[in-house]
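See structure below.
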Amino acid sequence: MPKKLPDTDQVALVTGASRGIGKAIAIALARTNRFVYLNFCSNKEKAKETLKEIESLGGKAGLLQFDVTHKKDSEKAIKTIISEKGKIDILINNAGIRDDMLMVWMKKNNWQSVLDTNLTGFFNVTRLAVKNMLPKRFGRIINVSSTSGQMGQGGQVNYSASKAGLIGATKALSREIAKRNITVNAVAPGFIETEMIEGLPIEQIAKTIPAGRFGTPEEVAAAVVFLCSKDAGYITGQVIGINGGIV
Ligand code: NAP
């Protein structure tokens with residue numbers, strides 16, 4: 001672990017921290033001396049692995065199981081953080097799913113489950129966190145959107161709508177709370193090597209990416225950690241693409 005850095009003693013929550021991008025963000029935040037709450041939905045074994053990895057690096061973290069689609073459970077989780085740590089400084093809305101198919105075949109449940117997780121999940125988790133950040137006059141909120149939300153992706157009308165919605169919510173909320181020194185930004189990853197992209201024709205897709213390769217979760221985490229820093233205090237309402245040049 002590095003020596004104590006300027007951003008210390010902060011409390012962070014990363015939703016969907018059991019695997020993939022959320023795991024990399026959680027580890028990167030713990031490496032910079034934040035206490036990190038690791039949210040997961042059902043994969044406790046993977047979440048425990050993230051926790052072990054952080055502890056083996058000398059970092060501090062705790063598990064926090066809840067489903068971001070459940071408003072009551074999400075709000076209870078934020079209350080737990082505040083009762084245990086007295087505050088929440090950093091919120092990373094990363095939990096997300098995809099359920100791809102052409103619009104003509106899409107059923108209401110394929111639409112609703114993706115919107116509920118990727119967009120309503122943001123609302124469920126963020127409202128009480130903002131309430132805690134306001135009087136402290138500090139906060140960092142980063143929403144994990146996607147290039148699909150920026151440019152639209154065929155076969156992902158539900159997913160693209162959810163991620164575009166997240167960009168709108170990011171911009172609107174940033175305006176509401178900028179004066180209180182709380183920044184709200186989105187990152188929009190392109191194709192990142194995680195379980196989410198399993199089954200995609202990687203070599204074929206890589207040819208369409210200017211950088212010629214998929215990104216890594218750690219490359220997304222690096223941008224998120226910067227947005228969490230005090231140095232990024234004048235960046236708000238922005239969407240940072242991490243996509244090898246696709247958009
Ligand atoms: P992943 O490997 O499939 O991991 C998804 C994570 O979200 C898991 O930790 C999962 O928890 C959690 N999760 C799912 N539904 C949840 C719910 N209802 N409540 C709480 N947690 C839930 O996905 P990823 O690739 O790391 O994606 C992370 C984020 O990046 C998503 O928002 C995704 O849309 C976005 N993104 C990914 C890519 C990419 O290429 N991979 C590109 C652009 C954007 P469990 O383990 O408990 O199921």
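Atoms within a ligand are numbered from 1 in the order they appear, just like the ligands themselves.
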Problem - The one among Ser145, Ser146, Gly190 that brings a heavy atom closest to atom 38 (C) of ligand 1 - result: Gly190
Handout entry: For atom 11 (O) of ligand 1, the protein heavy atom that lies nearest, with its residue and separation
Key = Ser18 OG, 3.4 Å
Exercise for the section: Do me a favour and list the nearest non-hydrogen protein atom to atom 19 (N) of ligand 1 with residue, atom name and distance? Expected result: Val68 N, 3.0 Å
Problem - Contact (N/O only, under 3.5 Å) between Thr69 and ligand 1 - result: no
Handout entry: Transitive ILVMFWY side-chain link Leu128 to Tyr37, under 4.5 Å
Key = yes
Handout entry: Distance filter under 4.0 Å to Thr117 heavy atoms, resulting ligand 1 atoms
Key = 15 (N), 18 (N)
Handout entry: atom 12 (C) of ligand 1: the protein heavy-atom neighbour that sits closest, reported with distance to 0.1 Å
Key = Gly16 CA, 3.5 Å
Practice task
Look only at interatomic distance and state if Cys41 has a nitrogen or oxygen under 3.5 Å from any nitrogen or oxygen of ligand 1.
Solution key: yes
Handout entry: Distance from atom 43 (C) of ligand 1 to nearest protein heavy atom, with residue and atom
Key = Pro189 O, 3.2 Å
Exercise for the section: Considering heavy atoms of the protein only, find what lies nearest to atom 13 (N) of ligand 1 and give residue, atom and distance to 0.1 Å. Expected result: Ala95 CB, 3.9 Å
Completion exercise
Candidates Phe40, Tyr159, Phe122; heavy atom nearest atom 36 (N) of ligand 1 found on Tyr159
Problem - Phe122: which of Leu173, Thr117, Val144 passes side-chain contact (heavy atoms from CB on, under 4.5 Å) - result: Leu173
Problem - Identity and separation of the nearest protein heavy atom to atom 30 (O) of ligand 1 - result: Val144 CG1, 3.3 Å
Completion exercise
In terms of its nearest heavy atom to atom 5 (C) of ligand 1, the top option of Gly121, Gly96, Gly20 is Gly96
Completion exercise
Closest heavy-atom approach to atom 37 (C) of ligand 1 among Ile21, Thr120, Ile192 is made by Ile21
Problem - Within 6.0 angstrom of Met103 CE, more than 12 heavy atoms from elsewhere - result: no
Handout entry: For atom 10 (C) of ligand 1, the protein heavy atom that lies nearest, with its residue and separation
Key = Arg19 NH2, 3.6 Å
Exercise for the section: Please write down residue, atom name and distance for the protein heavy atom closest to atom 25 (O) of ligand 1. Expected result: Thr194 OG1, 2.4 Å
Exercise for the section: Evaluate the side-chain contact (heavy atoms from CB on, under 4.5 Å) criterion for residues Tyr159 and Asn118: first the C-alpha distance (whole Å), next the side-chain angles of each, then the deciding distance (0.1 Å), finally the verdict. Expected result: CA-CA 8 Å; Tyr159 185 82; Asn118 299 1; 3.5 Å; yes
Exercise for the section: Could you tell me whether Lys76 sits above the aromatic face of Phe66, with NZ or CZ closer than 6.0 angstrom to the six-membered ring centre and within 45 degrees of the axis? Expected result: no
Exercise for the section: Examine ligand 1 and decide if any of its atoms is less than 4.0 Å from a heavy atom belonging to Lys46. Expected result: no
Completion exercise
Short version for Asn94: what comes under 4.0 Å of ligand 1, heavy atoms counted, is both
Exercise for the section: Check each atom of ligand 1 against the heavy atoms of Phe191 and keep those under 4.0 Å away; list them by number with element. Expected result: 40 (O)
Problem - Donor on one side chain, acceptor on other, Ser160 and Gln153, under 3.5 Å - result: no
Practice task
Spell out, yes or no, whether Ile142 and Leu64 are grouped together once hydrophobic residues are joined by side-chain heavy atoms under 4.5 Å, including indirect joins.
Solution key: no
Practice task
With side-chain hydrogen bond (donor to acceptor under 3.5 Å, both in side chains) as the test, would you mind laying out the steps for Gln156 and Asp100 before giving the verdict?
Solution key: CA-CA 5 Å; Gln156 290 195 323; Asp100 301 350; 3.2 Å; yes
Handout entry: Pair Asn143-Thr170, side-chain donor/acceptor within less than 3.5 Å
Key = yes
Exercise for the section: Measure Ile97 to ligand 1 on non-hydrogen atoms and call it side chain, backbone, both or neither using the 4.0 Å cut-off. Expected result: side chain
Problem - Atoms in ligand 1 flagged as close to Asp67, the criterion being non-hydrogen separation under 4.0 Å - result: 17 (C), 18 (N), 19 (N)
Handout entry: ligand 1 versus Lys163: contacting region, heavy-atom distance under 4.0 Å
Key = side chain
Problem - Asp67 and Thr69 side chains, donor-acceptor separation under 3.5 Å - result: yes
Practice task
May I ask you to list the atoms of ligand 1 that are less than 4.0 angstrom from any heavy atom of Phe66?
Solution key: 19 (N), 20 (C)
Handout entry: Proximity to ligand 1 by part of Asn39, non-hydrogen separation under 4.0 Å
Key = side chain
Completion exercise
Closest non-hydrogen atoms of Ala12 and Leu29, given as atom of the first, atom of the second and distance, are CB-CD1, 4.1 Å
Fill in the blank from the handout: In terms of heavy-atom contacts, Phe35 and Gly62 come closest through CZ-N, 3.7 Å
Fill in the blank from the handout: To the nearest 0.5 Å, atom CD1 of Ile192 lies from atom CD of Glu219 at 7.0 Å
Practice task
Before giving the answer on side-chain contact (heavy atoms from CB on, under 4.5 Å), spell out for Leu51 and Glu49 the whole-Å C-alpha distance, their side-chain angles and the decisive distance to 0.1 Å.
Solution key: CA-CA 5 Å; Leu51 177 62; Glu49 281 175 26; over 6 Å; no
